[in-house]
Peer 1: 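Attaching a single structure in structure tokens format; questions to follow.
Quick note: residue numbers are just sequence positions, from 1.
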Amino acid sequence: EEQSTAVIEISELYKYYGDRRAVGPLSARIEKGEIVGLLGLNGAGKTTTLRILACDLLPTSGAVRVGGLDVVDVPHEVRKRIGYLPDTPPVYPEMTVEEYLIFAARLRGVAGGEVEKRVDETLELTEIGPERDRPIGALSHGYRQRVGIAQAIVHKPEFVVLDEPISGLDPVQIVEMRDLVRSLGGDHTVVVSSHILSEIHETCDRIFVIRDGEIVASGTEKELSERLLSGMRITLSVRVGDGGAARATELISGVAGVSQVELAAENAPGGRRGVANYRVELARDTRDELARAVVNGGLGLLELTRGERELESVFLELAKSDEPARRKKKRRQAAAAAEP
């Protein structure tokens with residue numbers, strides 16, 4: 001049963017460039033239909049890992065299986081099951097969008113009679129149909145990214161690898177790209193790499209945090225938070241009426257699981273009087289009980305969200321490398337050994 005659901009199985013993967021270890025030891029399982037985020041600082045080994053998964057780079061040692069097939073033994077078979085968007089979309093600027101996708105579909109082995117249908121479906125899914133007759137070189141960066149995803153899914157792969165898909169996009173394009181990536185889940189198993197915490201948080205079902213070429217933690221954002229932080233931090237905005245902040249503070253403090261309440265501002269930005277904003281620490285996840293208490297207490301619940309600082313704390317705790325410390329220690333040891 002396990003064999004049938006795991007699309008990706010990575011076991012003791014290593015990749016060396018000369019004597020420099022870029023990745024490893026790295027082991028993971030990714031289940032069918034999941035959207036998994038590979039989160040790490042620049043230089044952590046994300047792109048190298050994705051290139052190995054996409055059969056663009058051979059591992060030094062270890063095993064990587066996609067749909068039960070080994071990437072070293074049968075790379076051509078594996079590539080048929082994979083769609084890959086590298087950090088720079090692999091497009092030809094002089095081709096039109098439609099010409100390029102027809103070319104990509106044929107390159108990936110789509111049967112001749114199916115090419116037109118697959119290209120039309122992909123144009124619709126990625127919402128670039130209106131641009132189908134335009135040269136790719138005339139498109140905005142955001143649309144080129146969409147064309148990059150389109151070429152990665154035109155052959156209906158089981159597994160899609162996206163390396164920094166939001167890189168260089170403006171805020172509107174980021175939201176659109178986030179929706180597009182989320183829409184791929186279920187039909188495809190997706191791995192998305194990023195160093196931007198909010199994107200992984202918004203898009204992915206599960207997170208792998210990579211540091212110095214190793215996965216140092218994995219799980220949902222909630223699981224990672226609870227494992228690494230003593231509880232949960234949230235922001236809470238309530239309508240209290242004039243002068244009602246003290247009663248609201250007392251009500252919130254009395255909710256089970258609330259360990260600390262801090263009144264951030266009695267008036268919300270924009271001059272909305274009678275609105276109190278709180279930073280609340282919970283010993284455990286009792287957001288549902290807190291929401292019920294606020295509403296039953298006659299207050300207006302305007303907002304209850306996880307604190308961005310909490311997510312940043314988790315990421316920084318996991319992603320901080322101790323490599324500089326190790327290098328300093330080695331230099332000290334070398335200097336001591338060199339002394340007469």
Side-chain angles (χ1 to χ4, degrees), residues 2-3 5-32 34-88 152 157-165 189-195 200 204 206-219 224 227-228 315-331 333-334:
E2 283 196 343
Q3 284 290 100
T5 60
V7 173
I8 312 296
E9 295 174 284
I10 306 170
S11 178
E12 292 297 308
L13 172 68
Y14 283 88
K15 178 63 182 178
Y16 281 86
Y17 294 106
D19 60 356
R20 186 178 74 84
R21 178 180 59 83
V23 169
L26 196 148
S27 298
R29 286 172 59 90
I30 300 171
E31 303 299 320
K32 185 175 182 179
E34 272 194 302
I35 301 179
V36 170
L38 194 61
L39 179 66
L41 301 176
N42 291 330
K46 302 188 300 297
T47 292
T48 299
T49 302
L50 294 189
R51 288 183 64 192
I52 292 170
L53 290 178
C55 292
D56 189 38
L57 197 63
L58 285 172
T60 302
S61 64
V64 179
R65 293 181 176 275
V66 177
L69 301 174
D70 191 284
V71 300
V72 175
D73 293 343
V74 284
H76 294 302
E77 286 300 313
V78 174
R79 286 191 190 104
K80 292 177 185 176
R81 300 170 181 232
I82 287 176
Y84 178 39
L85 172 65
D87 51 0
T88 301
E158 297 174 38
F159 173 45
V160 179
V161 178
L162 306 174
D163 192 359
E164 301 274 2
T189 300
V190 184
V191 174
V192 184
S193 86
S194 184
H195 62 280
I200 294 293
C204 300
R206 201 153 55 101
I207 301 169
F208 291 157
V209 181
I210 189 167
R211 181 183 71 201
D212 299 332
E214 299 180 52
I215 292 174
V216 293
S218 66
L224 293 177
R227 199 178 313 155
L228 287 154
F315 180 35
L316 291 172
E317 183 68 30
L318 290 168
K320 276 188 303 191
S321 171
D322 58 356
E323 189 65 33
R326 288 201 294 266
R327 284 200 297 266
K328 284 181 184 176
K329 184 178 178 182
K330 281 185 179 178
R331 284 200 297 270
Q333 289 171 341

Peer 1: Do Phe159 and Val191 have side chains that approach each other closer than 4.5 Å (heavy atoms only, starting at C-beta)?
Peer 2: yes
Peer 1: Working to the nearest 0.5 Å, report the span between CG of Asp163 and OG1 of Thr88.
Peer 2: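 Result: 9.0 Å between the selected atoms.
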Peer 1: Give the minimum heavy-atom separation between Cys55 and Pro75, together with the two atoms involved.
Peer 2: SG-O, 4.0 Å
Peer 1: For the residue pair Tyr16 and Thr60, what are the closest heavy atoms and their distance?
Peer 2: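 In terms of heavy atoms, the two residues are closest at N-OG1, 2.8 Å.
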Peer 1: Taking side chain to side chain donor-acceptor pair (under 3.5 Å) as the test, write out the residues that go with Arg79, two or more places apart.
Peer 2: His76
Peer 1: For the side chain of Lys15 and the backbone of Leu58, is there at least one donor-acceptor N/O pair under 3.5 Å apart?
Peer 2: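 Side chain of Lys15 to backbone of Leu58, a donor-acceptor pair under 3.5 Å: yes, one is there.
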Peer 1: Rounded to the nearest 0.5 Å, what separation is found between the CZ atom of Phe208 and the OG1 atom of Thr49?
Peer 2: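 Phe208 atom CZ to Thr49 atom OG1 measures 11.0 Å (nearest 0.5 Å).
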Peer 1: Under a 3.5 Å distance rule, please check whether Arg51 uses its side chain to pair with a backbone N or O of Pro86 as donor and acceptor.
Peer 2: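 A pair under 3.5 Å: no.
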Peer 1: What's the spacing between Ile82 CD1 and Glu77 CD if we round to 0.5 Å?
Peer 2: 11.5 Å
Peer 1: Could you tell me whether the side chain of Ser194 reaches within less than 4.5 Å of the side chain of Glu164, counting heavy atoms only?
Peer 2: yes
Peer 1: Is any side-chain heavy atom of Leu13 closer than 4.5 Å to a side-chain heavy atom of Val23?
Peer 2: yes
Peer 1: Could you measure the distance from the CD1 atom of Ile10 to the CD1 atom of Ile52? Nearest 0.5 Å is fine.
Peer 2: 8.5 Å
Peer 1: Does any non-hydrogen side-chain atom of Leu26 lie less than 4.5 Å from one of Ile210?
Peer 2: yes
Peer 1: Between Ile30 and Val7, is any pair of side-chain heavy atoms under 4.5 Å apart?
Peer 2: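 The answer is no; the side chains never approach within 4.5 Å.
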Peer 1: So does Val192 get a backbone contact from the side chain of Lys46, meaning a donor-acceptor N/O pair under 3.5 Å?
Peer 2: no
Peer 1: Report the distance from atom CD1 of Ile200 to atom CD1 of Ile35, rounding to the nearest 0.5 Å.
Peer 2: 10.5 Å
Peer 1: Restricting to non-hydrogen atoms, name the atom on Asp70 and the atom on Arg65 that form the minimum distance, rounded to 0.1 Å.
Peer 2: N-NH1, 4.0 Å
Peer 1: Where do Arg206 and Arg29 come nearest, in terms of heavy atoms and distance?
Peer 2: NH2-O, 2.8 Å
Peer 1: Could you tell me which non-hydrogen atom of Ala152 sits nearest to which non-hydrogen atom of Pro157, and how far apart they are?
Peer 2: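 What the structure gives for the nearest pair is O-CG, 3.3 Å.
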Peer 1: Under 4.5 Å between any side-chain heavy atoms of Val66 and Leu53, yes or no?
Peer 2: no
Peer 1: Do the side chain of Ser27 and the main chain of Glu12 share a donor and acceptor less than 3.5 angstrom apart?
Peer 2: yes
Peer 1: Of all heavy-atom pairs between Leu50 and Leu162, which one has the smallest distance, and what is that distance?
Peer 2: CD1-O, 3.9 Å
Peer 1: Should Pro59 and Tyr14 count as side-chain neighbours, where that means a heavy-atom distance under 4.5 Å?
Peer 2: no
